[in-house]
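All values reported here derive from a predicted model rather than from experimental measurement.
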Amino acid sequence: MTQTVNNSQNGKINGKADISAIEAEEIKLNDLTAEQQLELEKLNLDLDIASNTDKEAEEITKTPSRRLVIVDGGKGGVGKSMWTRGFLQTCIDEKRRIVAVDADNSNPDLLRCYGENGEHCKIQQLNIFKDGSIDRFFDQVKRMMEPELDTYNQLPPPESLFLLELPPQSRQIFKKFIEQEFLETAANDYDIRVTMVVVISRVSDSVKQLI
């Protein structure tokens, strides 16, 4: 059995030396003295401990990536609400926390099917046809991404996955969102990646909506 170790010129194991400045060579473990083998084992142990410590620190500091899924389907009857419920239910089944914002106030399926609060999901409403709706939306998102202490002095878990279902015939409204730099605000100010889902059927009007 052989192992590659770093050798200094005097033949001793040097764990503190610059690895790039030392030529690595293969040495049979049997050729090492008892003192060198002990030093090598200690060096390997220190490296393992340092590696595990780095991994633990990385897990502690790692924050989940933020994602906003926007579901649109300008023409009614294409299956937008069904797709949205399916996506939400999949997240719930996989025990992935999610906040769903139902902007379809004429047919609030999400609120009706899931209520306001569940174990893994929260449902909120938004009227995007009112002025200032973009600001209100981002205010809601910010409060949930960076929660404050509750009445019991406990810190709620931060949210990182958001689902926004737009109402039918909202294409012009969403176009205004884009013109008001909705995507830039999400990316630059809130570090949220936006995924746009457009549910369509085979009819020409539905395809035109996607285009």
Side-chain angles (χ1 to χ4, degrees), residues 63-147 157-211:
T63 57
S65 59
R66 295 165 175 172
R67 172 78 65 137
L68 167 62
V69 179
I70 302 176
V71 186
D72 187 23
K75 182 175 174 58
V78 296
K80 174 180 61 69
S81 295
M82 184 175 67
W83 190 96
T84 306
R85 291 199 309 269
F87 178 80
L88 178 59
Q89 187 61 51
T90 298
C91 294
I92 295 172
D93 292 344
E94 294 181 352
K95 295 180 173 52
R96 175 71 192 272
R97 293 181 60 86
I98 182 171
V99 177
V101 180
D102 195 341
D104 191 352
N105 294 315
S106 62
N107 185 31
D109 270 0
L110 298 182
L111 191 63
R112 182 170 58 249
C113 294
Y114 294 96
E116 292 185 357
N117 287 285
E119 183 179 359
H120 298 286
C121 74
K122 297 178 181 178
I123 310 296
Q124 299 192 355
Q125 283 189 289
L126 176 70
N127 187 349
I128 67 168
F129 295 103
K130 284 187 175 181
D131 291 338
S133 58
I134 298 178
D135 294 334
R136 288 193 299 274
F137 173 78
F138 279 123
D139 286 344
Q140 288 178 321
V141 168
K142 184 175 178 60
R143 284 195 298 269
M144 288 180 284
M145 289 192 307
E146 302 172 0
E159 305 292 352
S160 60
L161 178 59
F162 301 89
L163 172 65
L164 171 61
E165 181 184 6
L166 298 177
Q169 310 302 325
S170 59
R171 182 170 56 90
Q172 293 301 324
I173 296 296
F174 188 71
K175 183 179 179 182
K176 185 183 296 185
F177 271 36
I178 301 300
E179 291 171 349
Q180 294 178 12
E181 300 184 342
F182 178 93
L183 297 178
E184 289 81 356
T185 300
N188 299 330
D189 297 346
Y190 296 91
D191 192 25
I192 301 177
R193 182 177 180 180
V194 178
T195 298
M196 190 72 195
V197 178
V198 180
V199 183
I200 65 173
S201 66
R202 297 181 179 181
V203 299
S204 60
D205 287 346
S206 183
V207 176
K208 289 177 181 178
Q209 287 281 11
L210 170 61
I211 296 173

Checking [X] side chain against [Y] main chain: does a donor-acceptor pair fall under 3.5 Å?
X    : Y    : value
K80  : L166 : yes
R66  : Y190 : yes
D102 : L110 : yes

Do [X] and [Y] have side chains that approach each other closer than 4.5 Å (heavy atoms only, starting at C-beta)?
X    : Y    : value
K142 : E146 : yes
F87  : V197 : no
K122 : R97  : yes
L68  : V194 : yes
D104 : T84  : no
R112 : N107 : yes
S65  : R193 : no
D191 : M145 : no

To the nearest 0.5 Å, what is the distance between [atom1] on [X] and [atom2] on [Y]?
X    : Y    : atom1 : atom2 : value
I134 : R136 : CD1   : CZ    : 10.0 Å
E165 : L88  : CD    : CG    : 10.0 Å
T90  : I98  : OG1   : CD1   : 9.5 Å
F137 : F162 : CZ    : CZ    : 7.5 Å
C121 : L163 : SG    : CG    : 10.0 Å
I200 : D72  : CD1   : CG    : 11.5 Å

Return the minimal non-hydrogen interatomic distance between [X] and [Y], and the atom names on each side.
X    : Y    : result
N105 : Q125 : OD1-NE2, 3.3 Å
F129 : P167 : CE1-CG, 3.7 Å
A103 : L164 : CB-CD1, 4.2 Å

**Request:** Look at the aromatic rings of F177 and F174 and report parallel, tilted or perpendicular, splitting at 30° and 60°.
**Result:** tilted
**Request:** Decide if atom CE of M82 counts as having more than 12 heavy atoms of other residues, nucleotides or ligands within a radius under 6.0 Å.
**Result:** no
**Residue E184 excluded, over 12 heavy atoms near CD under 6.0 Å** = yes
**Request:** Please determine, by modelled atom types, if S133 and D131 share a side-chain donor-acceptor pair under 3.5 angstrom.
**Result:** no
